[in-house]
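Data first, discussion second: the structure below is written as structure tokens.
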Amino acid sequence: MKDIRDAILADAPAEELAALPIPQTYRAAFVRRSDTGMFEGMESWEKDPRQSIQIDEVPLPELAPDEALVAVMASSINFNTVWTSIFEPLPTFGFLNRLGRESYWGKRHDLDYHIIGSDGSGVVLQTGSGVRNWKTGDKVSIHCNYVDDQDPTSHDDSMKGANQRIWGFETNFGGLADLTVVKANQLMPKPTHLTWEESAVNALCASTSFRMLVSDNASAMKQGDTVLIWGATGGLGGYAVQLVLNGGGVPVGVVSSPEKAELLNRIGCKAVIDRKAENFQFWSDPHTQDESEWRRFGKRIRELVGEDPDIVFEHPGRQTMGASVFAAKRGGTIVTCAATSGYMIEYDNRHLWMKLKRIVSSHFANYQEAWAMNRLIDRGAIQPILSESFALEDVGEATRQVHQNKHEGKLGVLCLSPEEGLGIQDAEKRARIGEDKITMFRS
Ligand code: NAP
């Protein structure tokens, strides 16, 4: 692996890279099937990803004809890394069992360990016999939409494909490793002005926010729309704020500390609600919501921007959905892609139907949406929200920080890249876009 890494760091020509032997084992972060019961009886917040995530050598899988083998320079922690590591809401081995029943190639995934990670940047080492658009030596960022292109249901919007999956969550061989096998249609060009770790943190969260806000498949924001964004300095929110500003909208960001509020101001989001400082308590007990708190919240938004939000960008779920449905403008849209605080949702349906609001669901992004988002990043219109990088050995600790909501933006992970700051192909473009803008989430 050292020879491969040295060749990439020296920017060796593709022929040289192609001539290097591929190791038959590689370093990876994974959870074990035998550990799925380890946190039984514990509260969610007590479950420590450092106990369940292992870093060790794993065997290299065979490469399918439509796949590429990628040397991973960097990856990132996503909230699905948290879900897999605490085995909630279900152990992810069930996904691997089902994929294993589908085909010869699917069977490779059904193992007693699950290599996690749904983001990555790196260099293509090998391609399967059916791959046309990518070759050894290409520098890539990887998105996580794993689609069966022989399934007709994938061909309108691939997110509606009957067996659409998320790589490194519902499939094995994820990106938190030195090597990964991905479908060739998960590859996108690496933004040329970014480092490996800056290129590795974007695809999952940025593309999800793009579909939720920009795409016709979800809320299709217009210029001037006011958008309420929960977790506005988190993984999804940090991109959502930028997309709203970029599209001529008015973001209202909700966060939970003065430091996060200050970061939002620096990005250009002037309307900020610190939910902790203002002590919003939407639930008076675990079964009862407090409508007066919804009203106080709605009033606060009006004080800040003079109107109700056209769009509410939802993902915390049970804790906030009642307030989100209440706060949206008459005729407005609540767009949701997640339920971090609980998926059994309660809201007052009268506020939905009487005021002609709609709840729209969204999930990751199809290839075209992911590519469109990657293009915005490559053009410097949207910045990476990397706040800190960790070594692959410390994936457990980085995942714990995301689980405990101790992070801002995205946490990167250095895989084959030995240090931060490497991989910039176009330094002039980087200077033109501005170092300060590109690194605005660095702590
Ligand atoms: P993240 O980086 O942890 O950010 C989420 C933010 O939400 C937190 O920083 C926190 O911000 C806020 N938050 C958390 N719990 C909250 C609560 N009870 N009430 C109000 N705000 C709360 O996570 P992420 O990457 O943005 O992901 C968020 C969720 O979306 C996760 O559940 C993830 O699995 C899901 N997701 C789904 C998709 C998809 O394709 N469907 C894609 C990406 C992520 P403050 O504390 O500052 O308010």
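Whatever order the structure lists them in is the order used to number ligands and atoms, beginning at 1.
Stacking of Lys139 on the aromatic ring of Trp196 is not recorded, the 6.0 Å distance cut-off and the 45° axial limit not both being met. The cationic group of Lys183 lies under 6.0 Å from the six-membered ring centre of Tyr146 and within 45° of the ring axis, placing it in a cation-pi geometry.
With Arg318 as the partner, the side chain to side chain contact (heavy atoms under 4.5 Å, CB included) test is satisfied by one option alone out of Trp283, Tyr347, Tyr343: Trp283.
Using modelled atom types, no side-chain atom of Thr81 and backbone atom of Ile77 make a donor-acceptor pair closer than 3.5 Å. The backbone N or O of Gly380 lies less than 3.5 Å from a partner atom in the side chain of Gln383, making a donor-acceptor pair.
With sequence neighbours excluded, no residue forms a salt bridge (Lys or Arg N to Asp or Glu O under 4.0 Å) with Arg101.
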Atom pairs, nitrogen or oxygen, ligand 1 to protein, under 3.5 angstrom:
| unit_1 | atom_1 | unit_2 | atom_2 | d |
| --- | --- | --- | --- | --- |
| ligand 1 | 2 (O) | Gly235 | N | 2.8 |
| ligand 1 | 2 (O) | His407 | NE2 | 2.7 |
| ligand 1 | 3 (O) | His407 | NE2 | 3.4 |
| ligand 1 | 9 (O) | Asn405 | OD1 | 3.1 |
| ligand 1 | 21 (N) | Arg275 | NE | 3.4 |
| ligand 1 | 26 (O) | Gly235 | N | 3.4 |
| ligand 1 | 26 (O) | Leu236 | N | 2.8 |
| ligand 1 | 32 (O) | Thr340 | OG1 | 2.8 |
| ligand 1 | 34 (O) | Trp83 | NE1 | 3.0 |
| ligand 1 | 40 (O) | His363 | ND1 | 3.2 |
| ligand 1 | 40 (O) | Phe364 | N | 2.7 |
| ligand 1 | 41 (N) | Cys337 | O | 2.9 |
| ligand 1 | 41 (N) | His363 | ND1 | 2.9 |
| ligand 1 | 46 (O) | Ser256 | OG | 2.6 |
| ligand 1 | 46 (O) | Arg275 | NH2 | 2.8 |
| ligand 1 | 46 (O) | Asn405 | ND2 | 2.8 |
| ligand 1 | 47 (O) | Ser256 | N | 3.0 |
| ligand 1 | 47 (O) | Ser256 | OG | 3.2 |
| ligand 1 | 47 (O) | Lys260 | NZ | 3.0 |
| ligand 1 | 48 (O) | Arg275 | NE | 2.7 |
| ligand 1 | 48 (O) | Arg275 | NH2 | 3.3 |

